[in-house]
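Proteins get letters first, then strands, A, B, ... in listed order; numbering begins at 1 in each.
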There are 2 protein chains.
Amino acid sequence: MTEMPPGAGRNTRQRAEVRALLEESDEFRSAQRLHADLRSRSVPIGLTTVYRTLQALVEAGEIDSMRLPNGEQLFRRCSRTRHHHLICRLCARTVEVTGPTVEVWADRTAARHGFTDINHTLEIFGICAVCAGSNR
Amino acid sequence: MTEMPPGAGRNTRQRAEVRALLEESDEFRSAQRLHADLRSRSVPIGLTTVYRTLQALVEAGEIDSMRLPNGEQLFRRCSRTRHHHLICRLCARTVEVTGPTVEVWADRTAARHGFTDINHTLEIFGICAVCAGSNR
DNA sequence: ATGGATGCAAATATTTTGCATTTTG
DNA sequence: CAAAATGCAAAATATTTGCATCCAT
């Protein structure tokens with residue numbers, strides 16, 4: 001029998017396609033971008049469904065999400081490698097960097113305050129070399 | 001002579017009021033919230049101006065900004081005390097916590113990638129005790 | 001068959017922009 | 001006085017929801 005991944009509803013073509021696309025990379029991508037990519041491959045799917053699917057996947061803990069300074073929400077399959085982000089304040093270019101072990105501290109701190117279902121984010125904002133250059 | 005804070009344009013009543021309000025607390029607040037607070041004190045200012053002022057202050061490096069998981073953009077005066085946030089995913093309640101020294105690592109990492117004018121944010125998202133309780 | 005899933009269009013929510021008017025330096 | 005700032009209304013973005021139809025189970 002074929003097992004269905006738990007916590008993300010029924011098995012539909014669209015949902016499978018979104019999952020498959022997310023599996024192809026561990027980069028953060030926006031809903032709009034994912035939708036465009038699917039459509040460009042002739043996968044029939046509406047933007048609404050992409051949003052609803054991503055939301056379901058986030059709630060099911062299958063994927064992570066974060067936001068750029070400009071407000072765009074990004075999604076990626078859960079990555080077990082602990083990397084954080086270096087984000088350019090001006091052009092929003094992001095660089096993934098591996099960081100120190102903040103996790104242990106984060107978990108303890110959260111627990112101490114009665115918080116559960118923890119998930120943390122460490123972002124470093126700055127101005128990238130390109131933007132700094134074109135500015136002077 | 002009265003010195004004007006640098007990098008944030010001309011000295012207007014509105015800009016001064018926004019700055020003053022930000023100085024009153026180091027909590028993260030939304031543009032809408034700041035606007036409402038100013039209006040409730042009979043400060044004449046439009047929402048547009050609040051947005052434009054906050055944007056200018058962020059660019060001038062006078063204030064920090066971040067986003068909640070729901071997409072709301074929040075602002076606070078730059079705090080030199082290294083505290084981070086524990087934020088409830090459901091009710092958005094935030095608890096300030098003092099953390100480990102991530103700063104050194106953050107600065108080095110950024111520099112290594114050519115990023116300048118660094119500023120970092122460490123947020124822990126989770127579900128607070130209250131929300132966890134009302135959920136069961 | 002039947003309840004969840006889909007997708008279009010319309011609704012929200014938030015932030016940005018055009019432009020005439022006011023204010024600062 | 002000239003340039004910059006303000007604020008209203010309208011525009012632009014991103015995401016969500018109503019609802020009729022479709023499809024997985």
**Prompt:** Whole-Å distance between D:dA2 P and B:Arg10 CZ?
**Reply:** 13 Å
**Prompt:** When all nucleic acid strands are considered with a 4.0 Å heavy-atom cut-off, which category describes B:Thr48: base, sugar-phosphate, or nothing?
**Reply:** base
**Message:** If you go through the side-chain atoms of A:Arg15, does one of them form a donor-acceptor pair with the base of C:dG4 closer than 3.5 Å?
**Reply:** no
**Prompt:** Within the side chain of B:Arg19, is there an N or O that forms a donor-acceptor pair under 3.5 Å with the backbone of B:Glu62?
**Reply:** no
**Message:** Without decimals, in angstroms, what is the distance between A:His35 NE2 and C:dT6 C1'?
**Reply:** 12 Å
**Asked** Donor-acceptor pair, B:His120 side chain versus A:Leu122 backbone, under 3.5 Å?
**Response** no
**Request:** Using a cut-off of strictly less than 4.0 Å, decide whether B:Thr12 has a side-chain nitrogen or oxygen near OP1 or OP2 of C:dT23.
**Result:** no
**Request:** Round to a whole Å and report the spacing from CG of B:Leu38 to P of D:dG7.
**Result:** 11 Å
**Atom-pair distance (CD on B:Glu72; P on C:dT14), nearest Å** = 6 Å
**Request:** For the residue pair B:His84 and A:Trp105, categorise the inter-ring angle as parallel (less than 30°), tilted (30 to 60°) or perpendicular (more than 60°).
**Result:** perpendicular
**Fill in**
Taking for B:Ser30 and for B:Arg13 the nucleotide of DNA chain C with the nearest heavy atom, the one nearer the 5' end belongs to B:Ser30
**Complete:** Between B:Ile63 and the options B:Thr53, B:Val18, B:Leu57, the side chain to side chain contact (heavy atoms under 4.5 Å, CB included) test singles out B:Leu57
**Message:** Does A:Gln14 reach a base, just sugar-phosphate, or nothing at all? Heavy atoms under 4.0 Å.
**Reply:** sugar-phosphate
**Prompt:** Can you tell me if B:Arg77 uses its side chain to pair, donor with acceptor, with the backbone of B:Glu23 under 3.5 Å?
**Reply:** yes
**Request:** Measure distances between side-chain N and O atoms of A:Arg52 and base N and O atoms of C:dG4, and say whether any donor-acceptor pair falls under 3.5 Å.
**Result:** no
**Asked** According to a strict under-4.0 Å criterion, is B:Tyr51 in side-chain N/O contact with OP1 or OP2 of C:dT16?
**Response** no
**Item:** Shortest side-chain distance from A:Asn11, nucleotide among C:dG7, D:dA24, D:dG7
**Value:** D:dA24
**Request:** Rounded to the nearest angstrom, tell me the gap between atom CD in A:Gln32 and atom P in D:dA14.
**Result:** 5 Å
**Message:** Using whole Å, what does the distance between atom P of nucleotide D:dA4 and atom CD of B:Gln55 come to?
**Reply:** 16 Å
**Complete:** In whole angstroms, the gap separating P of D:dC23 from CD of A:Glu17 amounts to 15 Å
**Complete:** To the nearest angstrom, the CG-C1' distance between B:Leu74 and C:dT14 comes to 13 Å
**Prompt:** Where each residue is assigned the nucleotide of DNA chain C containing its nearest heavy atom, which of B:Leu47 and A:Arg39 is assigned the position nearer the 5′ end?
**Reply:** A:Arg39
